[in-house]
2 protein chains.
Amino acid sequence: MASNISTDLIRGHTDTIILNVLQQGDSYGYQIYKTIIALSGNQYELKEATLYTAFRRLEKEGYIASYWGDETQGGRRKYYRITETGVERYRKNKQDWHFAKNVLNQLIEGGIQNEENKPGS
Amino acid sequence: MASNISTDLIRGHTDTIILNVLQQGDSYGYQIYKTIIALSGNQYELKEATLYTAFRRLEKEGYIASYWGDETQGGRRKYYRITETGVERYRKNKQDWHFAKNVLNQLIEGGIQNEENKPGS
DNA sequence: ACATATTACTTTGTCTGTCAATGTAATTTA
DNA sequence: TAAATTACATTGACAGACAAAGTAATATGT
């Protein structure tokens, strides 16, 4: 893990990242933790404490829902599922990110940029 | 000012943005404030309080230096100049941003991205 | 068999950057 | 001459990220 990435550069994207993972199927905390590391190509680790904080936040806001897995041995894995409003939220966040990315390019690079502006979505 | 951009999406880029402005010539607080709004195409306003906080931070760390303009009427404009380490810092920050941007794309968009990976500089 | 590592979830407290609110004072415009 | 703009500054609050520490189960190594 090179981890060049300062926490402030990711700040604000945590929720979007989690929602993206959950959009591809239900998952539980530790697995999501591993998935994010893998997705980043081992470049970024979203810390566990941050993750679990985000789960609370997202659930409270109704973007995800949780249920315990039926592991039959102890109260093991807590699974998360993305809700409909969660999917909407993800789409919105993704748009915002594309928008912000373009503005940031303008602000960080010197003058006027060519145009690498295709929100895709 | 549509200001779609949440503060958390910019967080961590403030210093880089300021250094970028100062790289194109000395300037003073209020002008930098206006320049950033213009540079963003009126899409983003870096708040004054944030700016002045950043000036302190950057000066303390030796990335910028300040001097009073010779307005001869009152202690008017405080100009800022980017230092050599400031220029280096800017370059580093820009690289970090390109790197983080690519990782973020991976984390926010679903699967594996094509490749829009040319750090430029 | 026993220690260690890994899986899995949780809480508490701290730090940092951003910004609202507020203030001062000079200059410019209506 | 009142109001707006320019220009700089401080204070206090808030939110997100995370280090640290902990609990408890299962798996692995020796």
Side-chain angles (χ1 to χ4, degrees), chain A residues 1 3 5-19 26-38 40 44-61 63-64 66-80 93 96 100 104 107, chain B residues 1 3 5-19 26-38 44-61 63-64 66-80 93 100 104 107:
Chain A
M1 183 101 36
S3 207
I5 303 182
S6 121
T7 128
D8 278 330
L9 298 198
I10 299 289
R11 198 191 180 95
H13 296 291
T14 318
D15 294 4
T16 319
I17 292 168
I18 294 170
L19 291 177
D26 294 12
S27 189
Y28 57 94
Y30 200 68
Q31 195 177 59
I32 295 171
Y33 169 75
K34 293 292 187 187
T35 302
I36 289 171
I37 292 176
S40 79
Y44 183 68
E45 176 198 8
L46 212 171
K47 304 294 156 33
E48 281 185 83
T50 310
L51 255 192
Y52 289 107
T53 306
F55 289 148
R56 300 291 140 61
R57 186 171 52 234
L58 286 166
E59 188 161 26
K60 205 177 71 186
E61 286 162 352
Y63 298 133
I64 63 175
S66 66
Y67 57 94
W68 287 101
D70 56 348
E71 267 71 38
T72 54
Q73 296 123 342
R76 293 280 51 136
R77 301 168 172 171
K78 192 182 202 171
Y79 283 85
Y80 295 98
N93 283 6
D96 288 353
L104 265 172
L107 292 173
Chain B
M1 184 99 35
S3 206
I5 303 182
S6 121
T7 127
D8 279 331
L9 297 196
I10 299 290
R11 198 191 181 95
H13 297 289
T14 318
D15 294 3
T16 318
I17 292 168
I18 294 171
L19 291 177
D26 294 11
S27 187
Y28 57 94
Y30 200 67
Q31 194 176 60
I32 295 171
Y33 169 75
K34 293 291 186 186
T35 302
I36 290 171
I37 292 176
Y44 183 67
E45 175 198 8
L46 213 171
K47 305 292 155 36
E48 282 185 82
T50 310
L51 256 191
Y52 289 108
T53 306
F55 289 147
R56 299 291 140 62
R57 187 171 52 232
L58 286 166
E59 188 161 25
K60 204 176 71 186
E61 286 163 351
Y63 299 133
I64 64 175
S66 66
Y67 57 93
W68 287 101
D70 56 348
E71 267 72 38
T72 53
Q73 297 124 341
R76 295 282 50 154
R77 299 167 173 172
K78 193 182 204 169
Y79 282 85
Y80 295 97
N93 283 6
L104 266 173
L107 292 173

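Source: prediction; values computed, not measured. Chain naming here is simple, since letters A, B, ... match the order of the sequence lines and numbering starts at 1 in each.
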Query - Rounded distance in Å - OH (Tyr52(B)) to C1' (dC8(D)) - result: 5 Å

Query raised in the report: Which part of the nucleic acid does Tyr28(B) contact within heavy-atom distance under 4.0 Å: base, sugar-phosphate only, or nothing?
Result: sugar-phosphate

Query - Nearest-angstrom distance from the residue atom CD1 of Ile5(B) to C1' of dC19(C) - result: 16 Å

Requested in this report: For Glu48(B), report the nucleic acid contact type (base, sugar-phosphate, nothing); a contact means any heavy atom under 4.0 Å.
Outcome: base

Requested in this report: Among dA8(C), dT10(D), dC8(D), find the nucleotide with the atom closest to the side chain of Tyr30(B).
Outcome: dC8(D)

Query raised in the report: Closest heavy-atom contact between Ile18(B) and Ala54(B)?
Result: CD1-CB, 3.5 Å

Query raised in the report: Phosphate oxygens OP1/OP2 of dA8(C): is one of them under 4.0 Å from a side-chain N or O of Arg76(A)?
Result: no

Query - Whole-Å distance separating the CZ atom of Arg56(A) from the P atom of dC9(C) - result: 11 Å

Polar atom pairs (N or O), protein with nucleotides 14-18 of chain D, under 3.5 Å:
unit_1  : atom_1 : unit_2   : atom_2 : d
dA15(D) : N3     : Arg11(A) : NH2    : 3.4
dG16(D) : O4'    : Arg11(A) : NH2    : 2.7
dG16(D) : N3     : Arg11(A) : NH2    : 3.1
dA17(D) : OP1    : Gly12(A) : N      : 3.1
dA17(D) : OP1    : Thr14(A) : OG1    : 2.4
dA17(D) : OP2    : Thr14(A) : OG1    : 3.3
dA17(D) : OP2    : Arg57(A) : NH2    : 3.3
dA17(D) : O3'    : Thr7(A)  : OG1    : 3.2
dC18(D) : OP2    : Thr50(A) : OG1    : 3.1

Requested in this report: Using atom NZ of Lys78(A) as one end and atom C1' of dA25(D) as the other, report the distance to the nearest whole Å.
Outcome: 17 Å

Query - Closest nucleotide among dT10(C), dC8(D), dT10(D) to the Trp68(A) side chain - result: dT10(C)

Requested in this report: Respond yes when some side-chain nitrogen or oxygen of Lys34(B) is under 4.0 Å from OP1 or OP2 of dT5(D), and no when none is.
Outcome: no

Report summary line: One should read off an interatomic distance between Asp26(A) CG and Arg77(A) CZ, to the nearest 0.5 angstrom, of 13.0 Å

